[in-house]
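One structure is given below, encoded as structure tokens.
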Amino acid sequence: MRSRRGDRGAAMVAAMASRRPAAVQLRKRRRRLPRRRRPPPPPAPGAACGPPASGGADGWSDFAASFVAAGLVKAPQEEPRTAVEAAAGGVVVLLPPGQSLTFNGKCCLTCLYGSVRVFGFNIAPEQPPYNLFSPHTHCALSIEAVAYKESEKSKKEMKAEARSILRAHLVPRAARIKLMKSFVPQCSMVLLERLDTQVTRFILSHSEFSHVFSAKRHKVPRFIPEDAVFASISLGRQDPENGLLLSESSLSAIGQLVRACQEEDEGCPIILVCGPKSVGKSTFNRYLINLLLNRLPCIEFLECDLGQTEFTPPGCISLINVTEPFLGPPFTHLRTPHKMVYFGETSCEQETERYLDSLKYVFGAYERDVPLVINTMGWVKGAGLLLLIDIIRLLSPSHIVQISAEGFKDMPQLSPEYTVSSAGLHTKGKGPLRGKSLANGSADLAQGDFHPPHSEHKLLCVQPEFPGAGVAGDGRTHSSVLRDMAVLAYLGQLQPSDMDLVLPLHSLVPYQVPFSAVSIKVIHTDVAPAHILYSVNASWVGLCRLPDEVQCKADGPVLLTQTPICDCMGFGIVRGVDMDKKLYHILTPVAPENLRSVNCLLIGNIPIPNCVFLNQPGIEGEIPYITSEYNYGILGAGKLKMKKHLKRREHTRP
């Protein structure tokens with residue numbers, strides 16, 4: 001009699017003995033079943049319809065590459081080898097030769113070992129730390145490891161040197177070991193630290209711009225472990241395609257200009273960059289100047305674009321001596337020029353003669369001892385092209401960089417023959433300037449102060465290749481938003497540098513300026529004398545210096561009958577007007593020693609950003625200068641219309 005246990009054991013033995021044949025039979029049965037197969041994706045246009053008949057690994061590799069070329073499969077991006085957290089909230093990144101890190105955010109970079117390049121500027125260990133600003137409003141910055149001259153040391157000695165540098169910066173032992181495992185000759189190491197400035201704090205305190213340094217979600221590449229390390233200092237990694245993209249013609253033109261500035265056989269070059277809107281003129285200028293600063297101590301920069309200024313708030317013509325690199329967009333590096341005129345408009349279409357007179361006045365301060373880079377407006381159609389010819393004759397550049405988008409036919413090639421023979425807006429072919437002379441105390445510059453036009457200037461034609469080149473309004477950020485950010489950056493200088501707290505503007509103490517101390521002129525329109533103080537109150541004003549003394553008037557403000565062309569010392573906001581004490585209350589970051597020479601207030605058509613009025617915390621009741629009641633009987637009165645269905649890209653949350 002068999003027990004149940006014995007029966008189970010026999011059954012298990014039988015099953016084990018027959019397991020392999022049963023499995024084989026099961027596979028055969030499954031193979032007989034029909035299988036639904038997905039059709040393969042279509043190959044790239046012009047590619048083969050299948051792998052080569054010869055087969056082999058190379059054949060299949062070429063076949064797979066055709067899918068990548070067709071955009072059906074995304075090729076893997078090369079990632080930074082190693083990124084570790086250091087002491088005091090820093091991050092150390094090791095970059096093998098030729099590798100780069102593209103990011104959004106802001107940080108302070110110190111090169112610890114080797115050499116890196118950021119936007120054309122080379123940074124080595126012996127140089128000071130540099131602040132990097134990479135908002136999503138502009139192309140992302142990239143930190144690229146570049147080749148450098150190695151010392152005659154063995155790899156072991158180089159690793160020992162790098163290890164000692166890491167110890168000096170308090171990098172933990174585990175992090176040092178991880179970095180040293182990836183250490184190879186010609187690699188570079190950088191220390192990235194969290195960055196917080198008074199200007200960026202003030203800009204980020206406004207809800208419209210609170211995410212300006214955050215990466216857009218749809219632009220972020222796939223996640224890697226190093227992303228958590230970068231996030232510790234508020235950096236977001238980006239695909240290299242979101243960084244700077246320079247075409248072959250751009251690189252060729254830049255190479256010729258760098259060689260010309262180094263040779264100086266026929267005097268210092270004067271480089272004028274022109275082209276329509278949204279073709280990358282400003283980006284070209286920044287990259288060129290950064291490359292030149294690798295070899296020259298300073299570069300002069302003449303700003304002729306009123307709408308998109310580089311170093312000042314909008315509406316200015318300025319001349320500035322550049323000694324530090326551009327490592328961010330304009331609102332991150334505002335500086336005080338040594339010569340500036342406040343034009344008061346973002347376009348000179350209505351007053352071209354005053355524009356040329358102002359440009360001539362500022363250009364007179366250029367001493368021709370260093371190379372000069374000139375930025376021009378994107379208005380190059382119709383009268384704008386004629387005005388550009390006047391500017392070329394006035395400034396007499398030795399090199400003209402003409403950037404044109406594909407298919408743009410409204411601007412002919414500015415060859416020497418064309419610029420000499422064609423008539424401008426205020427000049428005839430081969431003739432002198434017909435514009436009116438400078439007025440109201442501005443020093444008239446004699447024709448002998450200017451070199452004759454270069455009949456043989458060198459024309460360099462550049463064709464950009466980045467997405468959206470030459471398509472007005474297709475940029476990353478609307479031009480009016482960039483102007484608002486420049487004004488906010490200027491006002492951010494009012495914030496105390498030793499405080500982490502952002503103070504609202506209405507809590508700051510303004511300067512008190514008597515009516516009799518300054519004269520007033522509204523630039524962009526005619527205002528009745530009885531309404532002049534309404535125009536001044538809560539306005540953006542240029543703080544200017546007239547060569548003549550202001551004639552005092554005890555019973556009211558001193559008014560100018562004509563717009564002067566004079567030096568502008570800075571800008572401010574008229575917070576209020578005290579009619580009893582006859583005082584202007586002005587907020588400005590201009591130093592007191594420079595304010596002593598200010599004797600004129602110019603009111604232009606540059607608005608204060610709406611967020612400045614709306615962001616007034618701690619106010620009970622109605623917010624000052626904000627109301628919902630309008631009197632449409634007053635000329636120019638009206639409410640701001642909001643189109644909620646049209647939301648700008650830069651105001652959307654990432």
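All residue numbers in this chain count up from 1 along the given sequence.
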Just list the side-chain donor-acceptor pairs under 3.5 Å for residues 300-316, sequence neighbours left out, or say none.
| residue | atom | partner | partner atom | Å |
| --- | --- | --- | --- | --- |
| E300 | OE2 | N321 | ND2 | 3.2 |
| E303 | OE1 | E310 | N | 2.9 |
| E303 | OE2 | D305 | N | 3.0 |
| E303 | OE2 | N375 | ND2 | 2.9 |
| D305 | OD1 | G307 | N | 3.2 |
| Q308 | NE2 | S479 | O | 3.2 |
| T309 | OG1 | T312 | O | 2.5 |
| T309 | OG1 | P313 | O | 3.3 |
| E310 | OE1 | R286 | NE | 3.4 |
| E310 | OE2 | R286 | NE | 2.9 |
| E310 | OE2 | H333 | NE2 | 2.8 |

Side chain to side chain contact (heavy atoms under 4.5 Å, CB included) partners for S347, two or more places apart: E349
Side-chain contact test, heavy atoms from C-beta onward, threshold under 4.5 Å: evaluate it for L583 versus P514 and give yes or no. yes
Is F331 close to P135 at the side-chain level, that is, under 4.5 Å between some pair of heavy atoms? yes
Side-chain donor-acceptor contacts of residues 564-578 below 3.5 Å, not counting sequence neighbours, with atom names and distances?
| residue | atom | partner | partner atom | Å |
| --- | --- | --- | --- | --- |
| D567 | OD1 | K339 | NZ | 3.1 |
| D567 | OD1 | Y361 | OH | 3.0 |
| D567 | OD2 | R545 | NH2 | 2.9 |
| R575 | NH1 | H506 | O | 3.3 |
| R575 | NH1 | L508 | O | 3.0 |
| D578 | OD1 | D580 | N | 3.1 |
| D578 | OD1 | K581 | N | 3.1 |

Any side-chain heavy atom of L132 within less than 4.5 Å of one from V118? yes
Pair Y490 + W540: ring centers closer than 6.0 Å: yes
With distance as the sole criterion, is a donor-acceptor pair present between the side chains of S214 and H136 under 3.5 Å? no
Residue pair R393 / G424: nearest heavy atoms and the distance that separates them: NH1-N, 3.6 Å
OG1 on T588 to CD on Q493, rounded to 0.5 Å: 9.0 Å
If I compare all heavy atoms of I603 with all of S539, which pair ends up nearest, and what's the gap? CG2-CB, 4.3 Å
Should we count NE2 of H531 as having more than 12 external heavy atoms under 6.0 Å? no
Within the 4.5 Å heavy-atom criterion, are C600 and V518 side-chain neighbours or not? no
Measure across S205 and N615 and return the closest heavy-atom pair with its distance rounded to 0.1 Å. O-ND2, 4.1 Å
Return the minimal non-hydrogen interatomic distance between V527 and S535, and the atom names on each side. CG1-OG, 3.5 Å
Going through the checks in order, is the side-chain contact (heavy atoms from CB on, under 4.5 Å) test met by L319 and F363? CA-CA 7 Å; L319 180 68; F363 182 66; over 6 Å; no
Mind checking what makes ring pair (Phe, Tyr, Trp, His ring centres under 6.0 Å) contact with F202, not counting sequence neighbours? H206
Separation of L372 CG from I299 CD1 (nearest 0.5 Å): 9.5 Å
Checking side-chain polar atoms at under 3.5 Å, does T563 have a donor or acceptor matched by the opposite partner on R354? no
Smallest heavy-atom separation, I289 atom then V322 atom, equals CG2-CG1, 4.0 Å
Within a strict 4.5 Å, meaning less than it, do heavy atoms of the L543 and V590 side chains meet? yes
Please report the interatomic distance CG(D498) to CD(Q198), rounded to the nearest 0.5 Å. 9.5 Å
Got more than 12 heavy atoms from elsewhere within 6.0 Å of CD, E593? yes
With sequence neighbours left out, the residues meeting salt bridge (Lys or Arg N to Asp or Glu O under 4.0 Å) with R201 are D196
Measure the shortest side-chain to side-chain distance between N537 and Y584 over non-hydrogen atoms and say whether it is less than 4.5 angstrom. no
Heavy-atom distance under 4.5 Å between the side chains of H426 and L356, does that happen here? yes
Hey, does the side chain of K281 reach the backbone of P276 with a donor-acceptor pair shorter than 3.5 angstrom? yes
Is a donor on one side and an acceptor on the other found under 3.5 Å between the side chain of E351 and the backbone of C348? no
Which of parallel (below 30°), tilted (30 to 60°) and perpendicular (above 60°) describes F213 and F133? tilted
Under a 4.5 Å cut-off applied to non-hydrogen side-chain atoms, are I270 and V373 in contact? no
Could you check whether any side-chain N or O of R194 sits under 3.5 Å from a backbone N or O of S232, counting only pairs where one atom can act as donor and the other as acceptor? yes
Donor-acceptor under 3.5 Å (D484 side chain, P609 main chain): no
Do side-chain atoms of T283 reach the backbone of G280 as a donor and acceptor pair under 3.5 angstrom? no
Distance-only side-chain donor-acceptor flag, S207 / S210, under 3.5 Å: no
Looking at every heavy atom in both L494 and L505, which two are closest together, and how far apart are they? CD1-CD2, 4.0 Å
Please list, chain by chain and in numerical order, all residues satisfying side chain to side chain contact (heavy atoms under 4.5 Å, CB included) with Q127, sequence neighbours excluded. F121, I123, A124, Y130
